[in-house]
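Read the structure below first, then the notes.
By convention here, the first residue in the shown sequence is residue 1.
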Amino acid sequence: MSSSLVADVADLKSLLEWGQPAFTIVDVRDRYTYNHGHITGAISIPLDDLESRAKFALHKERQIYVYGEHDAHAAHAAQILRGAGFTDVSEIQGGLTAWKTIGGATEGV
């Protein structure tokens, strides 16, 4: 994967299929939206709670991928995480829609 701060969904899907567990996917949409469909294995931390919950919910040594309602949400979330001391943060370009387009696994109602 390139050193870009934007993650390509196909690259992320490949990592998951190869079983590389050293990363965390964070969905920053609201809980209701998350419950109705999210990337398999993603954890829900709504954008409003991200700053307060990140230091307790996430490991600084893991790579973190974030997505939200749209790319601007993901960019804002990544900025919050980097400001909180997380160095390895990437935004999932296109979010859940892009993920579904390439056949990525999802969970939810």
Side-chain angles (χ1 to χ4, degrees):
M1 191 177 293
S2 70
S3 61
S4 166
L5 298 176
V6 175
D8 179 76
V9 288
D11 291 342
L12 185 58
K13 186 170 181 267
S14 294
L15 286 175
L16 281 174
E17 287 169 352
W18 282 97
Q20 294 193 14
F23 61 86
T24 302
I25 301 172
V26 179
D27 183 326
V28 296
R29 300 172 304 153
D30 63 71
R31 178 68 77 168
Y32 177 83
T33 308
Y34 170 87
N35 287 341
H36 278 80
H38 56 270
I39 294 174
T40 298
I43 62 170
S44 173
I45 305 179
L47 193 56
D48 293 343
D49 301 335
L50 188 59
E51 197 161 8
S52 61
R53 288 186 49 202
K55 59 182 161 274
F56 304 109
L58 303 171
H59 299 283
K60 290 204 170 162
E61 67 277 2
R62 289 172 70 100
Q63 187 166 8
I64 299 169
Y65 292 93
V66 294
Y67 71 98
E69 284 294 340
H70 41 71
D71 290 343
H73 269 170
H76 184 62
Q79 187 177 20
I80 289 170
L81 289 171
R82 289 184 198 111
F86 294 88
T87 54
D88 203 353
V89 180
S90 299
E91 302 150 34
I92 301 174
Q93 192 74 44
L96 186 60
T97 303
W99 182 255
K100 286 180 175 177
T101 300
I102 63 158
T106 60
E107 300 173 311
V109 184

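Under the 3.5 Å distance criterion, with hydrogens and angles disregarded, a donor-acceptor pair is assigned to the side chains of Gln93 and Asp71. Asp30 and Thr33 share a donor-acceptor pair across their side chains, judged by distance under 3.5 Å alone.
Note that CD1 of Ile43 is 4.0 Å distant from CD1 of Ile45, once rounded to the nearest 0.5 Å. Lys13 NZ to Asp8 CG: the interatomic distance, rounded to the nearest 0.5 Å, is 11.5 Å. Interatomic distance, His76 NE2 to Gln79 CD, rounded to the nearest 0.5 Å: 6.5 Å. From Leu50, atom CG reaches atom CZ of Arg53 across 9.0 Å, with rounding to the nearest 0.5 Å. Taking CG from Leu12 and CD1 from Ile102, the interatomic distance works out to 8.0 Å, rounded to the nearest 0.5 Å. If you take NE2 on His36 and CZ on Arg31, they are separated by 13.0 Å, rounding to the nearest 0.5 Å.
The aromatic ring centres of His70 and His73 sit less than 6.0 Å apart.
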Ile80/Leu47 under side chain to side chain contact (heavy atoms under 4.5 Å, CB included): CA gap, chis, key distance, verdict: CA-CA 9 Å; Ile80 289 170; Leu47 193 56; 4.1 Å; yes
Worked check of side chain to side chain contact (heavy atoms under 4.5 Å, CB included) between Leu96 and Arg29: CA-CA 10 Å; Leu96 186 60; Arg29 300 172 304 153; 3.7 Å; yes
Intermediate values then yes/no, side chain to side chain contact (heavy atoms under 4.5 Å, CB included), Ile25 and Tyr67: CA-CA 8 Å; Ile25 301 172; Tyr67 71 98; 3.8 Å; yes
Candidate pair His38 and Thr106, rule side chain to side chain contact (heavy atoms under 4.5 Å, CB included), full reasoning: CA-CA 5 Å; His38 56 270; Thr106 60; over 6 Å; no
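Pairing each heavy atom of Phe86 with each of Lys60, the nearest pair is CE2-CG, 3.6 Å. Across Ser90 and Ala7, no two heavy atoms sit closer than the pair CB-CB, 4.0 Å. Heavy atoms only, all atoms of each residue included: Arg62 and Phe23 are closest at NH2-O, 2.7 Å. Pairing each heavy atom of Leu81 with each of Ala54, the nearest pair is CD2-CB, 3.6 Å. When all heavy atoms of Ala77 and Val28 are compared, the closest pair comes out as CB-CG1, 3.8 Å.
Other residues, nucleotides and ligands place more than 12 heavy atoms under 6.0 Å from the CD atom of Glu107.
Tyr34 and Ile39 fall into different hydrophobic clusters, where Ile, Leu, Val, Met, Phe, Trp and Tyr are joined by side-chain heavy atoms under 4.5 Å apart, directly or via other members.
Side chain of Trp99 to backbone of Val9: no donor-acceptor contact under 3.5 angstrom is found.
Under the side chain to side chain contact (heavy atoms under 4.5 Å, CB included) test applied with Arg82, the options Val89, Asp88, Thr87 reduce to a single match, Val89.
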